[in-house]
Amino acid sequence: MTDATAPARRTALVLRHDSSIGLGNLGPTLEAHGYDVSTVDAPVTDVAALDPLAADLVVVLGGEEGAYETDRYPYLADELGLLRARIAAEAPVFGVCLGAQLLASALGARVYRGERKEVGWLEVSPTEAGVDSPVRHFAGVPTVQWHGDTFDLPEGVERLAGSPQYENQAYRRGDWLLAVQFHPEVTTEIHEDWLAAWGDELPGYGLSSERLRAERESFGAPAEAASAALLGEYLDGLEARVADAA
């Protein structure tokens, strides 16, 4: 028998582009907030067939693709269509790295290759708006950066954080759209997967796998705590939004 008093479970659709760039430590926070998580691999899924508004939340993860490479990766065009539909409906969406770039594109901004990759355990600095947002939890907390693309800030959003190399590190629209260029999802397993896959490029940035492992030892736990606080606060805001609308 179903307990009629039990709160309804929420649903989160996760769009993944690479099995090594997964939900990571964002997963437990979603589950703790009552979300049933469904992950689809965009490169092998008919994204156009998905109902863009079916899930309570869409999470768009990172990847090596460029948001502007829709001819090379046709599924990105379908993702952009899904994101535009959610934006039009002001339906909650959270983007990470490529996800933030896809959201910027869906909002009408330019996404493009940056001058130099931003790689390593680095800090982001919250803006004035950012100190009153979930991104504030990363103030003074190094987090993983591993990207070569960036984007212009879309119209109608608030810039929440920047870094010395890339000024657009996080933004939001209202209380329903949040996007971050950095990687709050990284766990030890993800970190090791990335070092195995892309560690050979680190010397070009004055880095090594050994150095990043040492920094992970120092910064990993605080970054995971900041990640849980960031996503948790965002999800709390979504719950309050639903309650206000009831």
Undergrad: So which heavy atom on Ala67 is nearest to which on Val111, and how close?
TA: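 Minimum heavy-atom separation between Ala67 and Val111: CB-CG1, 4.0 Å.
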Undergrad: Other hydrophobic cluster members with Ile190, side-chain heavy atoms of Ile/Leu/Val/Met/Phe/Trp/Tyr under 4.5 Å, chained?
TA: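 Members other than Ile190 - counting any ILVMFWY side chain reachable under 4.5 Å - are Ile21, Val119, Trp121, Val144, Trp146, Val186, Trp194, Leu195, Trp198, Leu202, Tyr205, Leu207, Leu212, Phe219.
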Undergrad: Report the relative orientation of the aromatic rings in Tyr166 and His147; use parallel for angles under 30°, tilted for 30 to 60°, perpendicular for over 60°.
TA: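 Because their plane-to-plane angle lies in the 30° to 60° range, the rings of Tyr166 and His147 count as tilted.
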Undergrad: Hey, what do you get for CD (Gln145) to CD (Glu123), rounding to the nearest 0.5 Å?
TA: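 Rounded to the nearest 0.5 Å, the CD-CD separation comes to 11.0 Å.
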Undergrad: Above 12 or not: heavy atoms from other molecules or residues under 6.0 Å from CD of Glu189?
TA: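 At most 12 heavy atoms, drawn from other residues, nucleotides or ligands, come within 6.0 Å of this atom.
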Undergrad: Val180 versus Val124: any side-chain heavy-atom pair under 4.5 Å?
TA: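 Sidechains of Val124 and Val180: no contact.
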Undergrad: Taking atom CG as the centre, does Asp132 end up with more than 12 heavy-atom neighbours from other residues, nucleotides or ligands that are less than 6.0 angstrom away?
TA: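 Count not over threshold, so no.
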Undergrad: Do Ser163 and Glu118 get their side chains close enough for a donor-acceptor pair, meaning under 3.5 Å?
TA: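 A pair is found: one side chain offers a donor N or O, the other an acceptor, under 3.5 Å apart.
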Undergrad: Hey, does the side chain of Glu64 reach the backbone of Asp18 with a donor-acceptor pair shorter than 3.5 angstrom?
TA: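 Checking the backbone N and O of Asp18 against the side chain of Glu64, no donor-acceptor pair under 3.5 Å is found.
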Undergrad: How long is the span from the CG atom in Leu61 to the CD atom in Glu185, to the nearest 0.5 Å?
TA: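 Leu61 atom CG to Glu185 atom CD measures 6.5 Å (nearest 0.5 Å).
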Undergrad: State plainly whether one hydrophobic cluster holds both Leu82 and Val40, where clusters connect Ile, Leu, Val, Met, Phe, Trp and Tyr through side-chain heavy atoms under 4.5 angstrom apart.
TA: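 Yes, Leu82 and Val40 fall within the same hydrophobic cluster.
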Undergrad: Of all residues at least two apart in sequence or in a different chain, which pass the side-chain contact (heavy atoms from CB on, under 4.5 Å) check with Ser125?
TA: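 Ser125 satisfies side-chain contact (heavy atoms from CB on, under 4.5 Å) with no residue once adjacent residues are dropped.
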Undergrad: Who passes side-chain contact (heavy atoms from CB on, under 4.5 Å) against Ala129, sequence neighbours left out?
TA: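 Only Thr127, Glu158, Leu160 meet the side-chain contact (heavy atoms from CB on, under 4.5 Å) criterion with Ala129.
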Undergrad: From Asp149 CG over to Arg113 CZ, what is the distance, rounded to the nearest 0.5 angstrom?
TA: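 Asp149 CG to Arg113 CZ: 4.5 Å, rounded to 0.5 Å.
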Undergrad: Less than 4.5 Å apart, side chain to side chain, heavy atoms only: is that true for His17 and Tyr73?
TA: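 Heavy-atom side-chain distance check fails, nothing below 4.5 Å.
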Undergrad: Any side-chain heavy-atom pair from Thr29 and Leu26 closer than 4.5 angstrom?
TA: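 Heavy-atom side-chain distance check fails, nothing below 4.5 Å.
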Undergrad: Is a side-chain N or O of Tyr234 found less than 3.5 angstrom from the main chain of Trp176, in a donor-acceptor match?
TA: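 Judged by distance alone, yes, a pair lies under 3.5 Å.
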Undergrad: Has the side chain of Arg159 got a donor or acceptor atom that lies under 3.5 Å from a matching backbone atom of Tyr171?
TA: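 No; zero donor-acceptor contacts below 3.5 Å.
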Undergrad: Which residues pass the side chain to side chain donor-acceptor pair (under 3.5 Å) test with Asn25, not counting sequence neighbours?
TA: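 If we apply the side chain to side chain donor-acceptor pair (under 3.5 Å) test to Asn25, skipping adjacent residues, the hits are Ser227.
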Undergrad: Do Arg10 and Leu57 come within less than 4.5 Å of each other through their side chains, counting heavy atoms only?
TA: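 A side-chain contact is absent here, since even the closest heavy-atom pair is not under 4.5 Å.
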Undergrad: Is the shortest distance from a Lys or Arg side-chain nitrogen in Arg213 or Glu217 to a carboxylate oxygen in the other one below 4.0 Å?
TA: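 Salt bridge: no.
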Undergrad: Once side-chain contact (heavy atoms from CB on, under 4.5 Å) is applied, do any residues pair with Asp71, and if so which ones, sequence neighbours excluded?
TA: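 Asp71 satisfies side-chain contact (heavy atoms from CB on, under 4.5 Å) with no other residue.
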Undergrad: What's the spacing between Tyr75 OH and Asp41 CG if we round to 0.5 Å?
TA: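 The CG atom of Asp41 is 10.0 Å from OH of Tyr75, to the nearest 0.5 Å.
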Undergrad: With sequence neighbours excluded, what pairs up with His137 under the ring-ring contact (aromatic ring centres under 6.0 Å, His included) test?
TA: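 For His137, no residue satisfies ring-ring contact (aromatic ring centres under 6.0 Å, His included) once neighbours in sequence are set aside.
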Undergrad: What residues form a salt bridge (Lys or Arg N to Asp or Glu O under 4.0 Å) with Glu201, not counting sequence neighbours?
TA: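 Partners of Glu201 by the salt bridge (Lys or Arg N to Asp or Glu O under 4.0 Å) criterion, ordered by chain and then number, come out as Lys117.
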Undergrad: Under the rule for side chain to side chain donor-acceptor pair (under 3.5 Å), what residues qualify as partners of Asp193, not counting sequence neighbours?
TA: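 Not a single residue meets the side chain to side chain donor-acceptor pair (under 3.5 Å) criterion with Asp193.
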Undergrad: Quick one: list whatever passes side-chain contact (heavy atoms from CB on, under 4.5 Å) with Asp236, sequence neighbours left out.
TA: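 With neighbours one apart ignored, the set is His33, Glu239.
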Undergrad: Drop me the distance from Tyr35's OH to Leu231's CG, to the nearest 0.5 angstrom.
TA: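 Output value for this atom pair is 8.5 Å.
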Undergrad: Using atom types as modelled, flag every donor-acceptor pair under 3.5 Å from a side chain in residues 84-109 to any protein atom, sequence neighbours excluded.
TA:
residue	atom	partner	partner atom	Å
Arg86	NE	Pro92	O	3.1
Arg86	NH1	Pro52	O	2.7
Arg86	NH1	Ala55	O	3.2
Arg86	NH2	Ala55	O	3.3
Arg86	NH2	Asp56	O	3.4
Arg86	NH2	Pro92	O	2.8
Gln101	NE2	Gln181	OE1	3.1

Undergrad: List for me each residue that meets side chain to side chain donor-acceptor pair (under 3.5 Å) alongside Arg136, sequence neighbours excluded, and say none if there are none.
TA: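 Side chain to side chain donor-acceptor pair (under 3.5 Å) list for Arg136, sorted by chain: Glu233.
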Undergrad: Minimum heavy-atom separation for Phe138 and Pro184, please, with both atom names.
TA: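 Where Phe138 meets Pro184 most closely, the heavy atoms are CZ-CB, 3.9 Å.
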Undergrad: Not counting sequence neighbours, which residues clear side chain to side chain donor-acceptor pair (under 3.5 Å) with Ser133? List them please.
TA: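 Residues passing side chain to side chain donor-acceptor pair (under 3.5 Å) with Ser133: none at all.
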Undergrad: About how many Å separate CG of Leu122 and OG1 of Thr143, when rounded to the nearest 0.5 Å?
TA: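 Between atom OG1 of Thr143 and atom CG of Leu122 there are 9.0 Å.
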Undergrad: Could you pull out the closest heavy-atom pair between Gly199 and Pro203, with the gap in Å?
TA: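 What the structure gives for the nearest pair is O-CD, 3.8 Å.
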